[in-house]
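Side chains are part of it too, since the values below use all heavy atoms of this structure and drop only hydrogens, waters and symmetry mates.
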2 protein chains.
Amino acid sequence: MGHNPRPALHHPTLETVLVTAVLHALSDETRLSIVRTLHAEPDGRACGTFPVNVAPSTLSHHFKVLREAGLIRQEDRGTQRWTMLRVREVDARFPGFLDAVIAATEVASVRF
Amino acid sequence: MGHNPRPALHHPTLETVLVTAVLHALSDETRLSIVRTLHAEPDGRACGTFPVNVAPSTLSHHFKVLREAGLIRQEDRGTQRWTMLRVREVDARFPGFLDAVIAATEVASVRF
DNA sequence: GCCTTCTTTCGAAATGTATCGAACAATACC
DNA sequence: GGTATTGTTCGATACATTTCGAAAGAAGGC
């Protein structure tokens with residue numbers, strides 16, 4: 001019998017995620033910071049390389065919330081898990097929304 | 001000595017509210033429904049007339065959250081409290097954000 | 001095989017949130 | 001003054017969320 005590869009990650013279609021789920025996912029300071037970082041790096045980055053101040057297990061929890069809200073896509077590359085923002089798909093379902101949120105956080109001298 | 005009028009409601013300047021507070025305020029189904037109703041009625045309406053399925057005390061709690069997030073303005077008119085969406089101010093601080101959220105909820109056959 | 005690296009899952013604890021009913025305040029009207 | 005009408009505050013409860021450390025799983029290199 002074969003080996004047991006990592007379970008496939010679930011990436012919901014944007015049509016099936018609730019508006020409230022997206023808003024809730026972004027209403028946390030740490031998760032919003034993750035989305036900001038990803039927005040500035042279209043190629044994505046590995047999970048462990050985000051500049052956040054939480055434990056790895058907590059970070060993993062936040063990625064799950066973002067993934068289930070349809071905001072990020074993750075794939076395995078060797079031992080690390082790559083994370084990308086689903087810009088196209090989010091913008092197709094919520095036109096202008098992501099840009100407006102990012103822009104709101106980029107005003108000088110404003111804390112999230 | 002005089003009577004004791006209702007305490008003045010606090011309406012924070014949009015510059016002082018956190019982005020996460022606005023997102024959190026809108027991430028609740030009942031509150032999002034209130035904002036949708038107000039968006040369709042620029043003149044505002046009285047607190048008790050919103051089509052929601054919660055007790056008056058719960059509704060009062062939701063108005064407080066929306067008010068402290070800078071999303072609504074309330075003023076007393078006789079025995080009732082009038083509520084309006086702060087469209088201009090919200091749009092000045094978060095350009096395009098409110099419209100994007102409202103539009104996202106107006107897609108046919110989509111639940112919040 | 002063994003060890004390192006990266007990430008997740010599993011409790012567990014602390015905190016926050018939505019909800020209600022009962023009681024209270026303020027205004028308007030009689 | 002008395003009585004409705006309208007909303008808020010308070011206490012209590014149930015549930016959700018954020019957080020961590022410890023343990024485990026999977027891939028890669030030795």
Side-chain angles (χ1 to χ4, degrees), chain A residues 1-11 18 20-35 38 44-69 72-84 112, chain B residues 1-11 18 20-35 37-38 44-69 71-84 112:
Chain A
M1 313 299 266
H3 46 156
N4 220 17
R6 292 196 203 173
L9 293 171
H10 182 230
H11 295 101
L18 298 176
T20 47
V22 175
L23 292 164
H24 172 254
L26 294 173
S27 72
D28 177 88
E29 197 188 323
T30 301
R31 290 193 292 262
L32 185 52
S33 154
I34 290 170
V35 169
L38 286 173
R45 56 158 71 198
C47 283
T49 69
F50 285 81
V52 294
N53 294 322
V54 294
S57 54
T58 304
L59 188 54
S60 190
H61 158 69
H62 286 310
F63 280 125
K64 185 179 182 186
V65 174
L66 288 170
R67 203 175 58 236
E68 291 177 349
I72 63 172
R73 182 176 298 280
Q74 296 185 299
E75 67 184 39
D76 292 331
R77 297 188 183 176
T79 65
Q80 46 189 19
R81 180 160 284 184
W82 211 257
T83 304
M84 288 157 292
F112 306 165
Chain B
M1 314 297 268
H3 46 155
N4 220 14
R6 294 196 201 171
L9 293 170
H10 181 231
H11 295 101
L18 297 176
T20 48
V22 175
L23 291 163
H24 172 254
L26 294 173
S27 72
D28 177 89
E29 197 189 322
T30 302
R31 290 193 292 262
L32 185 52
S33 154
I34 290 170
V35 169
T37 300
L38 285 173
R45 56 158 72 198
C47 282
T49 69
F50 286 81
V52 294
N53 294 321
V54 294
S57 54
T58 303
L59 188 55
S60 190
H61 157 69
H62 287 310
F63 280 126
K64 186 178 182 185
V65 173
L66 288 169
R67 203 174 58 236
E68 291 177 349
L71 290 166
I72 63 173
R73 183 176 297 281
Q74 296 186 299
E75 66 184 38
D76 291 331
R77 296 188 182 176
T79 64
Q80 47 189 20
R81 180 161 283 185
W82 212 255
T83 304
M84 289 157 290
F112 306 165

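In this entry the distance linking NE2 of A:His61 with P of C:dT8 reads 12 Å, nearest Å. At whole-Å resolution of the value, NE2 in B:His62 and C1' in D:dT9 are 16 Å apart. We find that CG of B:Asp28 is positioned 15 Å from C1' of D:dT17, with the value rounded to whole Å. Between A:Asp76 atom CG and D:dA26 atom P the separation is 11 Å, expressed in whole Å. Separating the CZ atom of B:Arg77 from the P atom of D:dT5 is a distance of 21 Å, rounded to the nearest angstrom.
When each of D:dG7, C:dT19, D:dT8 is scored by its nearest atom to the side-chain atoms of B:Ala46, the top-ranked nucleotide is D:dG7. In the set D:dT19, C:dA18, D:dT8, the nucleotide with an atom closest to the side chain of B:Pro56 is D:dT8. If you check D:dC10, C:dT7, D:dT18 against the side chain of A:Gln80, the one that comes closest is C:dT7. Of the candidates C:dC20, C:dA18, D:dT19, C:dC20 carries the atom nearest the B:Ala55 side chain, counting heavy atoms from C-beta on. Checking D:dG21, D:dT18, C:dT7 against every side-chain atom of A:Arg81, the shortest atom distance belongs to C:dT7. Of the listed nucleotides (D:dT6, C:dT8, C:dC20), C:dC20 has the atom at the smallest distance from the side chain of B:Val54. Closest to the side chain of A:Thr79, from the set D:dC20, C:dA18, D:dG28, is D:dG28.
Residue-to-nucleotide contacts include a donor-acceptor pair under 3.5 Å from the side chain of A:Ser57 to the base of D:dG21.
Between A:Arg31 and A:Val35, the closest side-chain pair of non-hydrogen atoms is not below 4.5 Å. Residues B:Leu9 and B:Arg81 meet the side-chain proximity criterion, which asks for heavy atoms closer than 4.5 Å. Side-chain contact between B:Leu71 and B:Leu26 is present, with at least one heavy-atom pair separated by less than 4.5 Å.
In B:Gln74, the CD atom is crowded: over 12 heavy atoms of neighbouring residues, nucleotides or ligands sit closer than 6.0 Å.
At the phosphate of D:dT19, neither OP1 nor OP2 sits under 4.0 Å from any side-chain N or O atom of A:Thr58.
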